[in-house]
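One structure is given below, encoded as structure tokens.
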Amino acid sequence: MKYIFVTGGVVSSLGKGLTAGALGALLEQRGLKVRLQKFDPYLNVDPGTMSPFQHGEVYVLDDGAETDLDLGHYERFTSGKLSRLNNLTSGKVYETVLKKERRGDYLGATVQVIPHVTNEIKQRIYDGAGDDVDVLITELGGTIGDIEGLPFLEAMRQFALEVGRQDVLFLHCTLLPYLKAAGELKTKPSQQSVAKLREIGIQCDILVCRTEQPMTNEMRQKLSLFCNVPVKAVIEECDVETSIYELPLALKAEDLDDLVIEHLQLDAPDNDMKVWHDVVRRLKAPSHKVEIGVVGKYIELQDAYKSVYESITHAGIANDAAVRIVRLDAEEIEKDPKKHLGTLDGILIPGGFGDRGTEGKIAAAKYARENGIPYFGLCLGMQIAVIEYARNVTGLEDANSTEFNAQTPHPVIDIMADQKELTTKGGNMRLGACPCQLMTDSFSYHAYGKELIDERHRHRFEFNNDYREQLEKSGLRVAGINPERNLVEIVEIPDHPWFVGVQFHPEFKSKPNAAHPLFANFIAAALKYKK
């Protein structure tokens, strides 16, 4: 086993997760089995209860773990499936340590950060790889100098000492700010960041410099001298032109993978990166254009619907199309749907919680249904479609979800009876991968090409089966069922060009070189509508 630790300095949001994912892609292309994991220093046990405005989307894994959005980057850039062992927070560490202390596992010892907290972190590094993995890449969230990150850095220092420095590589991401008045990039913040890391006892082996301007050779030499890193290990990471999926090729051009292979003494022949060249070619020279509206309530925050946006991009790649995403505030649409939706080729409503903006989303679903615009509803977007159809087609006046109106006369969306007693926040949620049986006469079966699928869930409310017969009689098609609990997973409108609502989150299983079939079919339908 070889281990790579990715840290960041100067400022947050440098793109450490993307760098780690792109490095994973480079190593995987060279025939190595790679696994990635994220350490987050905040005290939440997991990001499941955190606001999208605070933390962006919550990314869900097959085993139901609610994790950091960077795990989405990891799964999109590499082929390895991740588990709850691949995301660790300070809150989870302290929760585990305190449970052990209460059980008496420490035999009366004084419980301290060193060794008890650091041992717990080190154990997760060992556990995070799994079987038959060649390289484990661990990213530490936050910035060097953050007080909450110190136990993780200390654990990494100890870990390198335990396994041997020849099997560990430290990669540090830093910022080279450009001062317009001076007309130059500045290296001092990077020098200070590396110095802070060395105070802890960690010497980085590779320095990845995020920059908006190309570095000069003199600058590389200066960073090499003051940061104690070989010149060839000072890597330029410029902003990419078109898409984040150019990053593996950009880092390949800087010989990042060769440096890693050499340092860790791995036997892994070079690769021409054909898969990634093909992805970038399709992104840069598409044959078609299409415009998709995403109707949500967190649209001002890019990371709130990160996986949705990326999945739309993947579907564009699969259809050789450039997709322009129009972000639409659900609260604005209710006033004048045609004004906001009239020029779109497709409408997508993503998941979410709470009643803010729901009437605007219902208006958007109605507009798509009545005007034959391809519609794709994800989780809440599926429930919105059911509510709209019940009200305006089935004739169930004031139909709603009990999430939005507990006294609605027609709760077409409700918490199932066997879940209502679970009142803990998140305790009554359906999380992780669940099977779904598809109807063979559906849009969804045509997309997947098979009858049994499994998809990841993150929701509390379900389609109310008490209304299923009534809704089906009025024309709604139930296209997918969870065979274990007879829960409705997919609804469609058969006499519509393409109208699909799914209870799950297909965006969590899409990749740039393997678009999710539902997203790919949605964009194909939008292209057809445009013509």
Side-chain angles (χ1 to χ4, degrees), residues 1-6 15-38 61-62 70-83 85-87 125-139 159-160 163-171 173 204-206 208 230 232-233 235-237 240 243-283 310 314 317-318 509-516:
M1 273 293 300
K2 305 291 183 178
Y3 302 89
I4 299 173
F5 295 109
V6 178
K16 296 190 303 296
L18 286 170
T19 302
L23 175 57
L26 288 173
L27 297 180
E28 195 171 80
Q29 287 293 302
R30 297 184 73 142
L32 296 168
K33 188 170 182 181
V34 180
R35 191 68 45 83
L36 293 102
Q37 66 178 0
K38 176 77 181 287
L61 304 177
D62 276 354
D70 275 324
L71 274 77
H73 292 315
Y74 303 162
E75 287 202 329
R76 286 188 283 271
F77 276 98
T78 63
S79 60
K81 282 193 175 182
L82 305 179
S83 75
L85 293 175
N86 298 115
N87 195 193
I125 300 171
Y126 287 115
D127 294 342
D131 298 329
D132 303 323
V133 172
D134 299 308
V135 181
L136 175 68
I137 302 174
T138 302
E139 176 201 347
F159 185 87
V163 302
R165 198 63 177 82
Q166 72 282 358
D167 292 329
V168 175
L169 182 145
F170 286 99
L171 186 153
C173 296
C204 66
D205 303 298
I206 296 176
V208 175
K232 65 180 182 180
I235 302 296
E236 177 183 283
E237 190 177 52
V240 291
S243 166
I244 59 173
Y245 302 116
E246 296 175 65
L247 189 54
L249 298 179
L251 294 177
K252 176 75 174 174
E254 288 283 302
D255 298 322
L256 177 61
D257 54 331
D258 289 335
L259 287 166
V260 172
I261 296 297
E262 178 185 342
H263 180 92
L264 296 176
Q265 301 173 25
L266 287 161
D267 182 16
D270 205 355
N271 185 278
D272 61 8
M273 301 288 289
K274 183 179 183 302
V275 170
W276 290 98
H277 279 291
D278 187 50
V279 166
V280 172
R281 179 189 60 76
R282 286 169 172 262
L283 279 166
E310 293 304 318
H314 304 163
I317 294 170
K509 297 183 77 171
S510 185
K511 296 178 185 288
N513 57 344
H516 190 283

Close side-chain approach of Leu283 and Ile317, heavy atoms under 4.5 Å: yes

Shortest non-hydrogen contact between Leu247 and Thr19, atoms and distance: CD2-N, 4.1 Å

Heavy-atom closest contact (Val34 atom, Glu28 atom, distance): CG2-N, 4.0 Å

Rounded distance (nearest 0.5 Å) linking atom CG of Leu169 with atom CD1 of Ile4: 5.5 Å

Side chain to side chain contact (heavy atoms under 4.5 Å, CB included) partners of Asn513, counting only residues at least two apart: Val275, Val279, Lys511

Over all atoms of both residues, closest heavy-atom pair of Ala22 and Leu251: CB-CD1, 3.9 Å

Contacts of Glu139 that satisfy salt bridge (charged side-chain N to carboxylate O under 4.0 Å, His left out) - sequence neighbours left out: Lys38

Counterpart residues, salt bridge (charged side-chain N to carboxylate O under 4.0 Å, His left out), relative to Glu310 (two or more places apart): Lys306

Which residues share a ring-ring contact (aromatic ring centres under 6.0 Å, His included) with His73, sequence neighbours left out: none

Side-chain heavy atoms of Leu171 within contact of Leu256, under 4.5 Å: yes

Leu18 side, atom CG; Phe77 side, atom CZ - distance, nearest 0.5 Å: 5.5 Å

Which residues share a salt bridge (charged side-chain N to carboxylate O under 4.0 Å, His left out) with Asp167, sequence neighbours left out: Lys2

Residue pair Ile125, Gln37: steps toward the side chain to side chain contact (heavy atoms under 4.5 Å, CB included) verdict: CA-CA 9 Å; Ile125 300 171; Gln37 66 178 0; 4.2 Å; yes

Partner set under side chain to side chain contact (heavy atoms under 4.5 Å, CB included) for Ala233, not counting sequence neighbours: Ile206, Val229, Pro230, Leu259

Distance in Å, Leu36 CG paired with Leu23 CG, rounded so as to fall on 0.5 Å steps: 8.0 Å

Taking every non-hydrogen atom, the tightest pair across Pro248 and Ala25: CG-CB, 4.3 Å

Rounded distance [0.5 Å steps], CG in Leu27 versus CG in Asp134: 9.5 Å

Residue list, ring-ring contact (aromatic ring centres under 6.0 Å, His included) with Phe170, at least two apart or on another chain: Phe5

What pairs of donor and acceptor atoms, side-chain ones from residues 260-272 against any protein atom, are under 3.5 angstrom apart with sequence neighbours left out?
unit_1	atom_1	unit_2	atom_2	d
Glu262	OE1	Lys232	NZ	3.3
Glu262	OE2	Lys232	NZ	3.2
His263	NE2	Val168	O	3.1
Asp270	OD1	Lys252	NZ	2.3
Asn271	OD1	Met273	N	2.6
Asn271	ND2	Gln29	O	3.0
Asp272	OD1	Lys274	N	3.1

Contact summary for Tyr245 and His314, nearest pair of heavy atoms: OH-NE2, 2.6 Å

Within-4.5 Å side-chain heavy-atom neighbours: Arg281 and Asp278: yes

Set of salt bridge (charged side-chain N to carboxylate O under 4.0 Å, His left out) partners for Asp62, sequence neighbours left out: Lys81, Arg456

Residue pair Arg35, Asp132: steps toward the salt bridge (charged side-chain N to carboxylate O under 4.0 Å, His left out) verdict: CA-CA 10 Å; Arg35 191 68 45 83; Asp132 303 323; over 6 Å; no

Any residue meeting side chain to side chain contact (heavy atoms under 4.5 Å, CB included) with Glu254, in chain and number order, not counting sequence neighbours: Arg220, Ile235, Glu236

Side-chain heavy-atom pair Val6, Cys173 within 4.5 angstrom cut-off: yes

Which residues share a side chain to side chain donor-acceptor pair (under 3.5 Å) with Asp255, sequence neighbours left out: none

Considering all heavy atoms, the nearest Ala129-Met1 contact: CB-CE, 3.5 Å

Gap separating the CZ atom of Arg76 from the CG atom of Leu71, nearest 0.5 angstrom: 10.0 Å

With sequence neighbours excluded, residues passing side chain to side chain donor-acceptor pair (under 3.5 Å) with Thr78: none

